[in-house]
Amino acid sequence: MAQSILDTMPGAATGAVVVTDPLNFWGGQRVKPRLEANAEPVFEPATGRVLCQMFPCGSQEVDEAIKSAHAAYLKWSKMAGMERARIMLEAARIIREKRDKIAKLEVINNGKSITEAVVDIDIAWQCIEYYAGMAGTLAGQHVQLPGGAFAYTRREALGVCVGIGAFNYPFQIAAWKSAPALACGNAMVFKPSPMTPVTAVLLAEIYKEAGVPDGLFCVVQGGADTGTLLCHHPGVAKVSFTGSVPTGKKVMEMSSKSVKHVTLELGGKSPLLIFKDCELENAVKGALMANFLTQGQVCCNGTRVYVQREIMPQFLEEVVKKTKVIPVGDPLLDDTRMGALISKPQLDKVLAYVNQAKKEGARVLCGGDPFVPSDPKLKGGYFMSPCVLDNCRDDMTCVKEEIFGPVMSVLPFDTEEEVIQRANNTPFGLASGVFTRDISRAHRVAENLQAGTCFINNYNISPVEVPFGGYKMSGFGRENGQVTIEYYSQLKTVVVEMGDVDSLF
Ligand SMILES: NC(=O)c1ccc[n+]([C@@H]2O[C@H](COP(=O)([O-])OP(=O)(O)OC[C@H]3O[C@@H](n4cnc5c(N)ncnc54)[C@H](O)[C@@H]3O)[C@@H](O)[C@H]2O)c1
Ligand SMILES: C[N+](C)(C)CCCC=O
């Protein structure tokens, strides 16, 4: 097999890597772009340097990838679940073995800290391992009917599934989508974000090395146009999309034309409720975890932090103290806890949200400014200081809209009933959280919050064994957990007559 980027990248230091290998993958190999005319530069967020060029796939390339995936699906779906499991377990093992190198490349392309990227890659192999464990357990039901007749159900694959990913968890999203898809006997064509095209192709190489049929996991590069081609393609049975609400709506509309299955993992503006009876130190840690992972570019972040009025002063003092000392800088250094945002436009957008918040009456307690690290090679990077906003009201833009940056809005509340009503007063419903020592209150609040996940006394942990997904405009369908098998398979009922046909005619 050709050498991977992982073997050829000279030194995995910030500012030192250039990627020139083709980033498309189908038919069991990397595929050079057909057209180099529409190239888009891909930037290294920590330096602002060009890391590589992304060549978007056109209709002929999309078609080739889908045909290659379909051919692989015909073989893969006929294999026993246990055979699929063995290959997937091998893929998980290879990812574990290459974890540190994959994580470094993820950091160079995405800008998040290496500490986080390593966890992301661990979650990716754990997900593949988890669904490998399930591949051999897929089974239907036997139903006894009158007169000796019976029926049984078969859980069957859908066919070629498309995965479309966001920029914030590039490798992990590719694993979260492909693992359940492959376990059920499907093939997948994956399109990463055009801003983070580099690591999905590593997953394709790893699946190949583990022994999947050529074409089973393909990667096509591109943005909206390539995504549109995928959603309209008649050879695609399902689209699993991770991204913003506006794009998700388009994906759903396009997929509806040929009644494709759809999973939508969309954005959020999740509430975190901190009651006065909480363990304050943990609540402060929880608020930081809820806001500042991946420079705040996390779909399920708890960015509306509701704090019971009696403990507001202590909470603010602690949260600001801890936010001010978050080490921002070179994401490849072990001590760094916050790297660079994904792009200059994203950085400008987040800074504009902070300015708008000030105009609407919020008080900046810390951060919210562009940050220029002392290391000269990071001068062009997209860094900002993590921000805590006080004096917020529910009608402010910073409280209503998904900012997707390191900006925490803090709001006071008085009663449980009031805060639940305010927390639910949003079109989003991805996640939520509650900190309290009162066990009854914790479960009562969890029941009443309109969100796909509620974290009690923690935030943003996502073991692969538990389902993850949204309520309301944050989407539908789930990733992770047993239930996701249902989103990547279809049920056939077989009805068996043992006697004569009792005809009405
Ligand atoms: N719920 C989740 O699991 C989850 C996880 C990560 C990110 N997100 C959300 O993703 C958003 C940030 O990611 P983003 O900026 O990459 O989102 P985005 O919607 O801009 O892009 C997501 C993907 O959709 C593709 N795309 C764009 N237009 C398309 C079209 N017309 N047809 C098909 N595909 C198209 C993009 O190229 C990209 O691959 C945030 O809103 C965040 O909350 C959600
Ligand atoms: C792994 N986290 C932190 C739960 C994030 C999941 C993906 C959301 O953007």
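For ligands, and for the atoms within them, numbers begin at 1 and follow the listed sequence. No experiment lies behind these values; they were computed from the predicted model shown.
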Participant: For residues F167 and F404, establish whether the separation of their ring centroids is below 6.0 Å.
Facilitator: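 That pair passes the under 6.0 Å test.
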Participant: Applying a heavy-atom cut-off of 4.0 Å, say which part of N168 lies close to ligand 2: side chain, backbone, both or neither.
Facilitator: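 Contact part for N168 vs ligand 2: side chain (C-beta onward).
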Participant: Kindly compute the distance separating OG (S240) from CD1 (I164), expressed to the nearest 0.5 Å.
Facilitator: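 These two atoms lie 9.0 Å from each other.
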Participant: Can you pull out the closest protein heavy atom to atom 6 (C) of ligand 2? Residue, atom name and distance to 0.1 Å, please.
Facilitator: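 For this ligand atom, the closest protein heavy atom is W176 CH2, 3.9 Å.
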Participant: Does only the side chain of L230 get under 4.0 Å from ligand 1, or the backbone, or both, or neither? Count heavy atoms.
Facilitator: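 Under 4.0 Å from ligand 1, L230 contributes no heavy atoms.
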Participant: How many angstroms lie between NZ in K260 and SG in C231, if you round to the nearest 0.5 Å?
Facilitator: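 With rounding to 0.5 Å, NZ (K260) is 8.0 Å from SG (C231).
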Participant: In ligand 1, which numbered atoms sit nearer than 4.0 Å to a non-hydrogen atom of G223?
Facilitator: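 Counting from 1, the qualifying ligand atoms are 37 (O).
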Participant: Does even one non-hydrogen atom of E265 get within less than 4.0 Å of ligand 2?
Facilitator: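 E265 does not count as a contact of ligand 2 under the 4.0 Å cut-off.
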Participant: Give the numbers and elements of all ligand 2 atoms closer than 4.0 Å to a heavy atom of Q172.
Facilitator: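 That gives atoms 1 (C) of ligand 2.
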Participant: How far apart are the closest heavy atoms of P370 and L351, and which atoms are they?
Facilitator: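 What the structure gives for the nearest pair is CG-CD1, 3.7 Å.
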Participant: Which ligand 1 atoms are under 4.0 Å away from a heavy-atom of F241?
Facilitator: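 Result: 19 (O), 22 (C), 23 (C), 24 (O).
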Participant: Report the nearest protein non-hydrogen atom to atom 30 (C) of ligand 1: residue, atom name, distance rounded to 0.1 Å.
Facilitator: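 Atom 30 (C) of ligand 1 sits closest to the protein heavy atom A224 O, 3.8 Å.
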Participant: Let me know which of V17, N110, I121 forms a side-chain contact (heavy atoms from CB on, under 4.5 Å) with L105.
Facilitator: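 Testing each of V17, N110, I121 against L105, the sole residue satisfying side-chain contact (heavy atoms from CB on, under 4.5 Å) is V17.
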Participant: Looking only at protein heavy atoms, which one is nearest to atom 15 (O) of ligand 1, and how far off is it?
Facilitator: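 Of every protein heavy atom, F167 CE2, 3.4 Å lies nearest to atom 15 (O) of ligand 1.
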Participant: Among all protein non-hydrogen atoms, which one is nearest to atom 2 (N) of ligand 2, and what is the separation to 0.1 Å?
Facilitator: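 Going atom by atom, the protein heavy atom closest to atom 2 (N) of ligand 2 ends up being S462 OG, 3.8 Å.
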Participant: State the atoms of ligand 1, each with its element, that fall below the 4.0 Å cut-off from a heavy-atom position in G227.
Facilitator: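 Counting atoms of ligand 1 from 1, those under 4.0 Å from G227 are 32 (N), 33 (C), 34 (N).
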Participant: Can you check whether W176 and F468 have ring centres sitting under 6.0 Å from each other?
Facilitator: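 Yes, close enough.
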Participant: Identify the closest protein heavy atom to atom 29 (C) of ligand 1: which residue and atom is it, and at what distance?
Facilitator: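 Ranking protein heavy atoms by distance from atom 29 (C) of ligand 1, first comes T247 CG2, 3.3 Å.
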Participant: At a 4.0 Å threshold, what atoms of ligand 1 neighbour a non-hydrogen atom of A166?
Facilitator: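 Atoms satisfying the 4.0 Å criterion: 7 (C), 10 (O), 13 (O), 16 (O).
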Participant: Of the side chain and backbone of E402, name the one, both, or neither that has a heavy atom under 4.0 Å from an atom of ligand 1.
Facilitator: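 Just the side chain.
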Participant: Determine whether any heavy atom of P194 lies closer than 4.0 Å to an atom of ligand 1.
Facilitator: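 It does, in that a heavy atom of P194 comes within the 4.0 Å cut-off of ligand 1.
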Participant: For atom 31 (N) of ligand 1, which protein heavy atom lies nearest, and how many Å away is it?
Facilitator: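 Result for atom 31 (N) of ligand 1: T228 OG1, 3.7 Å.
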Participant: Quick test: of every protein heavy atom, which one is nearest to atom 17 (O) of ligand 1, and how far off is it to 0.1 Å?
Facilitator: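 Answer for atom 17 (O) of ligand 1: S244 N, 3.5 Å.
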Participant: For the atom pair OG (S409) and CZ (R393), what is the distance rounded to the nearest 0.5 Å?
Facilitator: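 CZ of R393 is found 11.5 Å from OG of S409.
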Participant: Please say whether Q297 places an N or O atom under 3.5 Å from an N or O atom belonging to ligand 2.
Facilitator: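 No, since none of the N or O atoms of Q297 sits under 3.5 Å from an N or O of ligand 2.
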Participant: Of the protein's non-hydrogen atoms, which lies at the shortest distance from atom 3 (C) of ligand 2, and what is that distance?
Facilitator: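 The answer is Y169 OH, 3.4 Å.
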Participant: Between E360, K359, K358, which is the residue that forms a side chain to side chain donor-acceptor pair (under 3.5 Å) with Q356?
Facilitator: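 Passing option: E360.
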Participant: Of all the heavy-atom pairs spanning V239 and S255, show the shortest one and how long it is.
Facilitator: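 Smallest interatomic distance, heavy atoms only, reads CG2-OG, 3.7 Å.
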Participant: Mind checking whether Y169 contacts ligand 1 via backbone (N, CA, C, O), side chain (CB onward), both or neither, at a 4.0 Å heavy-atom cut-off?
Facilitator: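 It is neither part, as no heavy atom is under 4.0 Å.
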Participant: Numbering the atoms of ligand 1 from 1, which are under 4.0 Å from a heavy atom of N168?
Facilitator: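 Under 4.0 Å from N168, ligand 1 has these atoms: 6 (C), 7 (C).
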Participant: Tell me the protein heavy atom at minimum distance from atom 25 (C) of ligand 1, and give that distance in Å.
Facilitator: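 Ranking protein heavy atoms by distance from atom 25 (C) of ligand 1, first comes I164 CG2, 3.8 Å.
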Participant: Kindly indicate whether the side chain of V245, heavy atoms from C-beta on, has any atom under 4.5 Å from the side chain of K249.
Facilitator: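 The answer is yes; the side chains approach within 4.5 Å.
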Participant: For ligand 1, indicate whether the residue P192 contacts it via side chain, backbone, both or neither (heavy-atom separation under 4.0 Å).
Facilitator: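 The backbone, only.
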Participant: Near K191, which atoms of ligand 1 are under 4.0 Å from a heavy atom of that residue?
Facilitator: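 Checking each atom against K191, I get 25 (C), 36 (C), 37 (O), 38 (C), 39 (O).
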Participant: Checking Q346 against Y382: is there a side-chain donor and acceptor pair closer than 3.5 Å?
Facilitator: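 No, no side-chain donor-acceptor contact under 3.5 Å.
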Participant: Can you tell me which portion of L430 lies within the under-4.0 Å heavy-atom range of ligand 1? Options are side chain, backbone, both, or neither.
Facilitator: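 The answer is the side chain.
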Participant: Counting only heavy atoms, which portion of T242 has something under 4.0 Å from ligand 1: side chain, backbone, both, or neither?
Facilitator: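 Both parts.
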Participant: Atom CD of E116 and atom CD1 of I114: how far apart are they, to the nearest 0.5 Å?
Facilitator: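 Answer for the CD-CD1 pair, E116 versus I114, is 10.5 Å.
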Participant: Which residue and non-hydrogen atom of the protein lie closest to atom 8 (C) of ligand 2, and at what distance in Å?
Facilitator: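 Of the protein heavy atoms, C299 SG, 2.3 Å lies nearest.
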Participant: Is it the case that D330 and T14 place a side-chain donor and acceptor less than 3.5 Å from each other?
Facilitator: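 A donor-acceptor contact under 3.5 Å links the two side chains.
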Participant: Which distance, rounded to the nearest 0.5 Å, do you find between the CZ of F241 and the OG1 of T247?
Facilitator: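 F241 CZ to T247 OG1: 4.5 Å, rounded to 0.5 Å.
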Participant: Below 4.0 angstrom from a heavy atom of G165, which ligand 1 atoms are there? Numbered from 1 as shown, please.
Facilitator: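 Those atoms are 22 (C), 23 (C), 38 (C), 39 (O).
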Participant: Can you tell me how far apart CG (L273) and OG (S432) are? Round to the nearest 0.5 Å.
Facilitator: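 Going from the CG atom of L273 to the OG atom of S432 covers 8.0 Å.
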Participant: Of the protein's non-hydrogen atoms, which lies at the shortest distance from atom 9 (C) of ligand 1, and what is that distance?
Facilitator: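 Result for atom 9 (C) of ligand 1: G243 O, 3.2 Å.
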Participant: For the residue pair P406 and M384, establish whether any side-chain heavy-atom pair is separated by less than 4.5 Å.
Facilitator: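 Yes, close enough: below the 4.5 Å cut-off.
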Participant: Which atoms from ligand 1 have a heavy atom of S193 less than 4.0 Å away?
Facilitator: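 The list of qualifying atoms is 39 (O).
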Participant: Taking only non-hydrogen atoms of M254, do any sit less than 4.0 angstrom from ligand 1?
Facilitator: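 Yes, that is the case, since the closest heavy atom of the residue is under 4.0 Å from the ligand.
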Participant: Salt bridge check, D63 against K67: does any charged N sit closer than 4.0 Å to a carboxylate O?
Facilitator: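 A salt bridge links K67 with D63.
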Participant: So, for atom 21 (O) of ligand 1, does the protein have a heavy atom nearer than 4.0 Å?
Facilitator: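 No; the ligand atom in question lacks any protein heavy-atom contact below 4.0 Å.
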Participant: Could you identify the single nearest non-hydrogen protein atom to atom 8 (N) of ligand 1 and state the distance to 0.1 Å?
Facilitator: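 Ranked first by proximity to atom 8 (N) of ligand 1 is C299 CB, 3.5 Å.
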Participant: Is there a donor in the side chain of S474 and an acceptor in the side chain of K472, or the other way round, less than 3.5 Å apart?
Facilitator: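 Their side chains do not contain a donor-acceptor pair, so the 3.5 Å distance test is not met.
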Participant: Mark yes or no: K177 above the aromatic ring of F217, with NZ or CZ under 6.0 Å from the six-membered ring centre and no more than 45 degrees from the axis.
Facilitator: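 No - K177 does not lie over the ring of F217 by the 6.0 Å and 45° rule.
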